[in-house]
Amino acid sequence: MPEKVCIITGGTRGIGFATVQAFLKEGYKVVLYGSRKETVDKALEQLDHNPNVFGRYTSLIDEEAILRDFNEIKDELGSIDVLINNAGISESTPFPDYTVEKFEKVMNLNIIGPYVCSHAAALIMKEQGHGVILNTSSMVSKYGQPSGVAYPTSKFAINGMTISLARELGKYGIRVNAVAPGITMTDMVRALPEQVINPMIQNIPLRRIGESEDIASAFVFLASDAASYITGAILPVDGAMIS
Ligand code: NAD
């Protein structure tokens with residue numbers, strides 16, 4: 001059976017990096033995207049320059065460049081079986097200090113990026129007659145967030161994009177789902193002091209903060225044939241935390 005190909009945006013660290021590792025373990029060829037050459041090179045180095053992983057740092061909101069990239073990937077590696085729109089930024093500016101520029105910055109990466117990448121991938125997947133698009137949502141897409149309004153807005157929007165594209169692309173053999181992580185132990189959370197982390201843990205029924213690998217496993221499941229009748233789902237991976 002030919003090797004499958006998975007593209008993962010924001011694959012240089014955190015949830016994305018764990019997802020790159022998980023898909024490599026599943027035997028996929030993986031193309032990871034990062035924002036800069038330096039961070040992409042560092043990630044490839046951390047993966048011991050595994051010959052099944054390739055790095056790119058094209059802007060995720062440059063429609064023409066992404067279309068060109070994805071066509072090159074298909075020509076070089078044979079197919080695009082899975083796209084994981086994972087790159088995202090969060091911030092927590094209070095609303096009185098909010099600006100259109102701040103709003104646009106978050107929406108560009110968290111929504112325009114997934115739109116551009118999904119569009120380019122869907123053109124290829126439609127030709128192939130199969131494909132899986134997975135998005136990284138968040139538990140804030142259920143509860144909102146009391147500051148940094150663009151971030152929860154973008155995560156509500158990614159759920160909308162997921163369900164709508166699932167309905168539109170199903171007829172082409174393309175499934176579209178999202179994983180909605182709760183608080184996940186990435187560098188940013190790891191840097192928080194115990195006084196901040198401990199009360200958070202008390203708020204989580206499973207009494208631990210999620211690991212990046214928990215989210216990666218959910219992506220692996222949703223990409224697999226075991227999930228072949230699942231589309232338009234937003235899968236919470238949050239230990240049942242209510243923020
Ligand atoms: P992270 O900051 O550790 O990693 C973010 C990734 O996005 C990096 O690989 C980075 O290269 C990439 N990125 C950042 N800015 C970019 C840009 N302008 N262009 C291209 N790529 C860029 O983040 P993380 O915590 O691993 O988050 C990954 C996803 O998970 C995000 O969509 C985030 O919203 C979501 N999420 C995270 C948590 C959490 O607690 N960590 C919870 C819910 C949802």
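Both counts, for ligands and for their atoms, begin at 1 and track the order of listing. Hydrogens, waters and symmetry mates play no part in the numbers below; they use all other heavy atoms, side chains included. Worth saying up front: this structure is predicted, and the values here are computed from it rather than measured.
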Check if [X] has a non-hydrogen atom at a distance under 4.0 Å from any atom of ligand 1.
X: Gly11; answer: yes
X: Leu60; answer: yes
X: Gly182; answer: yes
X: Ser59; answer: no
X: Lys155; answer: yes

Among all protein heavy atoms in this structure, tell me which lies nearest to [atom], with the distance rounded to 0.1 Å.
atom: atom 15 (N) of ligand 1; result: Leu109 CD2, 3.4 Å
atom: atom 11 (O) of ligand 1; result: Thr12 OG1, 3.2 Å
atom: atom 26 (O) of ligand 1; result: Ile15 N, 2.9 Å
atom: atom 40 (O) of ligand 1; result: Thr184 N, 2.8 Å
atom: atom 35 (C) of ligand 1; result: Thr136 CG2, 3.5 Å
atom: atom 32 (O) of ligand 1; result: Asn86 O, 2.8 Å
atom: atom 43 (C) of ligand 1; result: Pro181 O, 3.4 Å
atom: atom 3 (O) of ligand 1; result: Arg13 NE, 3.2 Å

How far apart are the closest heavy atoms of [X] and [Y], and which atoms are they?
X: Phe103; Y: Ala150; answer: CD1-CB, 3.6 Å
X: Ala43; Y: Leu32; answer: CB-CD2, 4.3 Å
X: Ala233; Y: Asn177; answer: N-OD1, 2.8 Å

*Ser138 N/O to ligand 1 N/O under 3.5 Å*: no
*asked:* Geometry only, no angles: is Gly10 polar-contacting ligand 1 at N/O separations under 3.5 Å?
replied: yes
_Quick check on contacts: which atoms of ligand 1 are under 4.0 angstrom from a heavy atom of Ile183?_
40 (O)
_Contact bool for atom 23 (O) of ligand 1 (protein heavy atom, d < 4.0 Å)_ = no
Could you tell me whether [X] approaches ligand 1 through its side chain, its backbone, both or neither, with non-hydrogen atoms closer than 4.0 Å?
X: Thr186; result: side chain
X: Tyr151; result: side chain
X: Ala180; result: neither
X: Asp187; result: neither

*Sub-3.5 Å donor-acceptor pair from the side chain of Asn50 to the main-chain atoms of Asn52, do we have one?*
yes
*Look at Arg56 together with Asp69 and state whether they make a salt bridge at an N to O cut-off of under 4.0 Å.*
yes
